[in-house]
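Right, one structure below, let's go through it.
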Amino acid sequence: MKLYNSLTKKIEQLQPINPPKVTMYTCGPTVYDYAHIGNFRTYILSDILQRSLTFLGYQVKAVMNITDVGHLVSDADEGEDKLEKGARREHKTAWEIAAKYTEIFKADAQKLNIQLPEILCKATDYINEQIELIKTLEQKGYTYKTSDGLYFNTSKFANYAQLAQLDAAGLKEGARVAKNPEKKQLTDFALWKFSPSPPAGGKSRDMEWDSPWGKGFPGWHVECSAMAMKHLGDTLDIHVGGVDLKPVHHTNEIAQSEAATGKPFVKYWVHGEFILADGKKMSKSKANFYNLADIEVKGFKPLSLRYLYLNAHYRTHANFTWPALMAAEKAYKKLLDYMAGLAKSRSALTQEHLNKIDGFSQQFRDLIADDLKMPEALALVWQVVKSNIPNQDKRDLLLDCDQVLGLNLAAGLMSEKAVVPSEVRQLVDERETARQQKDWFKSDQLRRKITQLGWQVEDTSAGPKLKANS
Ligand code: AMP
Ligand code: ZN
């Protein structure tokens, strides 16, 4: 498999440390609110990558974190913890907020057919590991204390940005502008933050722990290094996240991990481009975002969004618009309908068919192995649909591809269209027309015919539904 590595800015052949095993870590959600559909583009990328590696024969060990503490409103280690802010907004504790939005995240991911990594770990379950990592950094002389926390001294880590080779320009602007006068360098970042002094008789935070440096909580970046190395070892094969994480979060992950272990942290960095809305990054702060629920409420299938995302390469910007989603849903439904029409009987396979099947299979593997060329893989699926290979083999081939696409094409096989005989479907359509014309006599007559053929029709707000006579 070949992947674009943000570290070297090149497409490289994947050479895992212990083939056929591949270790993979994805930065997961901060569970203070709903994840928006922009976030889900990144999680779908991680899912497609994991599915592709498995499809190509690798044994994947994947980890995703759940950030339930320490992610501050500003990436420059300033402002309130997002979880504590969410707690105030909803008059709940930070623990309750984390539990609530973790469940919603999992449910949304399931609707999008995202196979979440087997290891889904919460930052608050790994406080000891984070403290241990910080202690190592302290012993090695990489830290200093200020009035609000313990910081990583980036000047002690030779070639902080150069080593990371991650967008050096990004380091000088944006998130780093807010200045903390006690920081020695603009790029230094908090490893441990102290809880602010509590109000009389109360406490300043829901989440806080004792540490060798004082009561407080871990900085956001340290959780990913601690949990990734705990589960996957000092050097990981692949690390995934959105492009916005490159200049700060991932650069800091590299610095603190490599400072602690003296070994490379990650071999291949895979970054997904943004989903834009109205030409701008879809984000909570710009209030130009949609949640999965916004899509469902308009009657769209969540998997139509997945189809839409598959249609753009992960390293290109994709613009979210309702007409684009509508077009994706139309194509997706057509594909499901097509599955429904695939007969179950096997007709004779000729050598020509066999060659075609092998050719399609090989092309599909080549496309996903070439830095996840999903738009081309989807186009190939339509070529399979239009080909003359026998239905059963076509069906098997499409289901095979779906192990990577994750469009739940098997649902098409079980749809009403697939199991109801065409004669019955035609009668149902005629009856619908009669009903629209308020021809109740004809409609009743057609119902009886349908019943005689072994089916019951029920009129629902979503249209007629069929059930086999019991
Ligand atoms: P956050 O919850 O803000 O930490 O973001 C979770 C993940 O979603 C990170 O990997 C981000 O890089 C990614 N992300 C945020 N906004 C977008 C977007 N508009 N398009 C794609 N990915 C995004
Ligand atoms: Zn992370």
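Only a predicted model underlies this, so the values are computations on that prediction, with no experimental measurement involved. The figures here come from the full heavy-atom set of this structure, side chains too, leaving out hydrogens, waters and symmetry mates. Just so you know, ligand 1 is whichever comes first in the structure, and atom 1 is the first atom listed for that ligand.
Side chains of Lys111 and Glu296 form a contact here, defined as non-hydrogen atoms less than 4.5 Å apart.
With hydrogens and angles disregarded, a donor-acceptor distance shorter than 3.5 Å links the side chain of Asp294 to the backbone of Asn291.
Surrounding NZ of Lys156 are at most 12 heavy atoms belonging to other residues, nucleotides or ligands under 6.0 Å away. Heavy atoms from other residues, nucleotides or ligands lying under 6.0 Å from NZ of Lys85 number 12 at most. Within a 6.0 Å sphere centred on NZ of Lys301, other residues, nucleotides and ligands contribute 12 heavy atoms or fewer. Atom CD of Glu182 has more than 12 heavy atoms from other residues, nucleotides or ligands within 6.0 Å. A 6.0 Å sphere centred on NZ of Lys281 holds more than 12 heavy atoms belonging to other residues, nucleotides or ligands.
Taking every heavy atom of both residues into account, Phe265 and Glu253 meet most closely at CE2-OE1, 3.4 Å.
Around the Zn ion (ligand 2), the protein atoms of type N, O or S that sit closer than 2.8 Å are Cys27 SG, Cys224 SG, His249 NE2, Glu253 OE2.
Within 4.0 Å of ligand 1, heavy atoms belong to protein residues Thr30, His36, Gly38, Asn39, Thr42, Tyr43, His71, Gly241, Gly242, Asp244, Leu245, Glu273, Phe274, Ile275, Lys281, Met282.
For the residue pair Gln362/Asp366, the side-chain donor-acceptor check at 3.5 Å is satisfied.
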